[in-house]
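For reference, the structure I am asking about is given below.
Worth saying up front: this structure is predicted, and the values here are computed from it rather than measured.
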Amino acid sequence: MQSFSGLTAISGIGMTEISRDSGTDPLNLALRASREAIADADLSPGDIDGVLSYHLNDSCPVNQVSERLGLDPGIWTNEIFGGGTQSASILGDAAMLIESGTASNVLVFRALNGRSGKRMGQAALSMAGGEQQFTLPYGMAGPVNLFALSTTRWMHESGATTDDLAAVVMQSRELAADNERALVRTRLTREEYDKSPMIASPLRRVDCCQETDAAAALVVSRTDNCPQARIGPRIRAAVRGGGPGASAMDKAPSVSTLFTHHLREKLWETAGVIPSDIDVAMIYDAYSPVVLQQLEDLGFCEPGGAGSMFREGRTLPSGDLPVNPSGGLLSEGYVHGLNNVLEAVRQLRATAGVNQVPSPSIALCTGFGGSYGSALVLERS
């Protein structure tokens, strides 16, 4: 077990409306979500002595947020370059700050205008563009093209079919239909799935996560420091790493191998639990097939068995392993994975409302960008 295990808890959460046009900038989004999270923790801004965020040059400076919140300029602040790989492990960073005595209450946020502002997959071709100048002419315009390549190989190796991908998307839409926060709340039939435009074979538009404007924030506190922390879920473990090729999947020995293949043993050993102990799984769902791959990699089923889990309803809130009961990144919205962590908190607090999993004690959250990523295990206090 890690030295910070159980010593810190998520004491407050906050999130803005998820939209396609926020009408404001990421700074204002970050401030709204952060203030809500601080209030939810029953704290005041003056109690915050650490601020962390992650981004891909599409957000707002941490120090600007800190200043606008009126925080002491001498506190620990840091912004981490990265996307989905950070959404789980950044809570480990916060826990380590607290365990070291550097901070007592750490604010973590992610803010972006991912639809009305800087969008992924719209890379400009230039001689200063690094490797993109060599890959873009062949159609590698962004993550969707890379994951389409990975998925094609994985489906060939595993025998997975479009029936499996469709089952993931249809469940996501079904669960998001009653989620008032969700950007997409329309249910999807198999016929409608098949008619969805192909973006990069075999990935259709509905297989891809939403592009959204939003911010999500949370406060990580010492368990003996904040009253709200007594009922907030504790951070049991956070792991980070991957295999050859890091997040550049096109350079990895196996283009279809995700980070969960490399981190499986480390995750369960560090957390001191096994797959059957997980009551709700918030699986990073940037694309439908990666949900199936992660479940198989982490031992929730035998290789090739994840698709049937969805088709049989075993991943619904009433099933053996509830997966993304909010609708996840595919339907609720894309706040680079941090909104999935917030849903894990709601589930463990038993405040999720719709799609509440019955009496969950342990939640898993994952985040990645290919063969490199992170995972987080939370437990109810």
- Say whether, by atom type as modelled, one donor and one acceptor occur between the side chain of S221 and the main chain of T223 under 3.5 angstrom. no
- Query: So H55 and F81, would you call those rings parallel, tilted or perpendicular, with 30° and 60° as cut-offs?
  - Reply: perpendicular
- Item | Distance-only side-chain donor-acceptor flag, R222 / S104, under 3.5 Å | no
- Looking only at atom types and distance, does a side-chain atom of S116 sit under 3.5 Å from a main-chain N or O of N113, one as donor and one as acceptor? no
- Item | Value rounded to 0.5 Å, distance of CG in L69 from CD1 in I48 | 8.5 Å
- Task: Scan D40, I10, I38 and name whichever one has a side chain to side chain contact (heavy atoms under 4.5 Å, CB included) with V219.
- Result: I38
- Query: Is there a donor-acceptor pair under 3.5 Å between the side chain of E332 and the backbone N or O of A176?
  - Reply: no
- Between S59 (side chain) and A111 (backbone), is there a donor-acceptor pair under 3.5 Å? yes
- Message: Tell me every residue that passes side chain to side chain contact (heavy atoms under 4.5 Å, CB included) with E312, counting only those two or more places apart in sequence or in another chain.
- Response: S308, R314
- Check: I90 and R110 side chains under 4.5 Å, non-hydrogen atoms: no
- Distance (rounded to the nearest 0.5 Å) between T315 OG1 and N324 CG: 9.0 Å
- Message: Just by distance, no angles: are the side chains of S66 and N63 close enough, under 3.5 Å, to form a donor-acceptor pair?
- Response: no
- Message: Whether the side chain of R185 engages the backbone of N179 through a donor-acceptor N/O pair (distance < 3.5 Å, no angle test) should be reported.
- Response: yes
- Over all heavy atoms of both residues, which pair between G50 and I75 is shortest? Give the atoms and the distance, please. N-CD1, 3.9 Å
- On a heavy-atom basis, the closest approach of Y54 and H336 is OH-O, 2.8 Å
- Heavy-atom distance under 4.5 Å between the side chains of V62 and N78, does that happen here? no
- Query: Any salt bridge between E343 and R346, counting N to O under 4.0 Å?
  - Reply: yes
- Query: Would you say the side-chain atoms of S256 and E157 include a donor-acceptor pair closer than 3.5 Å?
  - Reply: yes
- Just by distance, do the side chain of S34 and the backbone of A30 share a donor-acceptor pair under 3.5 Å? yes
- Would you find a donor on one side and an acceptor on the other, under 3.5 Å apart, between the side chain of N355 and the backbone of P325? yes
- Message: Tell me if a side-chain donor or acceptor on S5 pairs with a main-chain N or O of R236 at a distance below 3.5 Å.
- Response: yes
- Query: Under 3.5 Å, is there a donor-acceptor pair between the side chain of T212 and the main chain of A214?
  - Reply: no
- Rounded to the nearest 0.5 Å, how far apart are CD of Q171 and CG of D285? 10.5 Å
